[in-house]
Amino acid sequence: MNSEATAIWTECLRVIEKHVNEQSFSTWFKPISPARIEGSVLTIQVPSQFFYEWLEDNYVDVLKLAIKTVLGANGRLEYAVVVDKGNSQNQPYMVSYPQGVSSPAGKKKKEVLAAANSPFDLSSLDEETTLQSNLSSNYTFSSFIEGDCNRLARSAGFAVANKPGITSFNPLMVYGGVGLGKTHLVQAIGNEIKNGPEDKFVLYVSSEKFVNQFMDGIKDGNIKSFTNFYMQVDVLIIDDIQFLAGKGRTQEMFFHIFNHLHQNKKQIIMTSDCAPKDLMGLEERLLSRFKWGLTADLQMPDFETRIAIIRKKMQSEGITIPNNVIEYLAYTVDTNVRELEGVMISLIAHASLNRVEISLDLAKTIMKNIVKDIETEVSIEYIQKSCSDYYGIKVEELKAKTRKKEIVIARQVAMYFSKEFTNHSLKSIGYHFGGRDHSTVIHAVQSVNDLMETDTNFRNAIQEQKKQFKIRSY
Ligand SMILES: Nc1ncnc2c1ncn2[C@@H]1O[C@H](COP(=O)(O)OP(=O)(O)OP(=O)(O)O)[C@@H](O)[C@H]1O
């Protein structure tokens, strides 16, 4: 082994060690051996292609930092990937990496340090240092499907991403139920800013982590570093703010950080599982500040948006599935997007483990195992789609004002099924049919019952249609 390369790599490891936790260090850096140094190009040998990809995905910044610190601005890193056990390939597998290090003219981004051991210690890093921001690169605007359910939040988020701290959406508060895309959206904003032209210090942190860091700060007598760290941020994204409920001291600290950032036109983005007015256990002065900016909610995506989400996810996995399966999943999973994804993953896993095609039958089997009481879980949307297909009209026509006879019948039947197969109140059913009132629903149910008594064909058709709701399949 080249002793000069060894000495350089040892120096690099010293830098790396400061910025990753012990476990990551022994898992991902100890197995690396230095192969050679040629000029300012250090070649390291990694055990596998997977290992190399993992380093690139997760530790590119810290590697850049190490190379730059030890070899200077012109330093570069190359890899040699071991192809077979005990048989190393001496040709570098990848060249001209890391880019940021090999092109000193390139502008460095000031990002956020997420070094596990010393989260607030910025002292060893200069202005140009590339750090992490705790953002997942998968969460982008392009992978976030737009629909009525998220339009306001998404466009406000986009405006903030283009002018952080400058729009009146400061703070931006995104709220909504479990698994509806809050984290995805706020991280998309963070990624957009981070990849944008300005050099912004973006930090994403969960409220839980914020609380823990604050507690650690108190324990270690290190509160000043904690506060200084957060006050340096240009864009603070804090997830699940409801977690601060009842934690008075943390709230007080957050209040000061919030004020400081806001006064300095720094962007604050928050998420919560409920509307600010329902956030119990948060101080009034904090809640009143949340109202300074914009509050936007996320709802469960409607059927069409769910279809688009499934298509997008499948496309990103490189998997094609039949349309009727996509529709079936979109119909049946109307709780939240995370569950929808869970079902998709199960479906893909079953198909690949059992080496079978993804089919409607497979989807039904999986759904039966995953969703309890599936027979009773019929949504109004499902009924509307089914009835409009049956009568050959559009779903919108069921909700519209039109009084054309065939549409009135289809609408009444759909209301009748909604009353029979869902737990919605008459008022809620009316609302789903273009904002009609409950007496219209009562009238619809009565009319369908009357018609079934007098018209055998109609009764048979209704019985036939009912089956699909009972077995929840089509
Ligand atoms: N509109 C959307 N387009 C594409 N994917 C979405 C959309 N909404 C949610 N998702 C996906 O659904 C999953 C759950 O979203 P996310 O974790 O952001 O939800 P959340 O509201 O933050 O949940 P929690 O309340 O549990 O924190 C993620 O994988 C996300 O990518």
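Just follow the structure's listing: the first ligand is 1, and inside any ligand the first atom is 1.
Between the side chains of T271 and D239, at least one donor-acceptor pair of N or O atoms lies under 3.5 Å. When only modelled atom types and interatomic distance are considered, D302 and T305 share a side-chain donor-acceptor pair under 3.5 Å. With 3.5 Å as the limit, one finds no donor-acceptor pair spanning the side chains of E56 and Y79.
For residues 142-163, every residue pair satisfying the ring-ring contact (aromatic ring centres under 6.0 Å, His included) rule, not counting sequence neighbours, is listed here: F141-F158, F144-H184.
Annotation: cation-pi pair R285/F255 present, NZ/CZ under 6.0 Å from the ring centroid and within 45° of its normal.
In this structure, L180 and M300 have side chains that are in contact, with non-hydrogen atoms separated by less than 4.5 Å.
For ligand 1, the 4.0 Å heavy-atom shell contains residues Y139, S143, F144, I145, N150, G177, V178, G179, L180, G181, K182, T183, H184, D240, I309, K313, V337, R338, E341.
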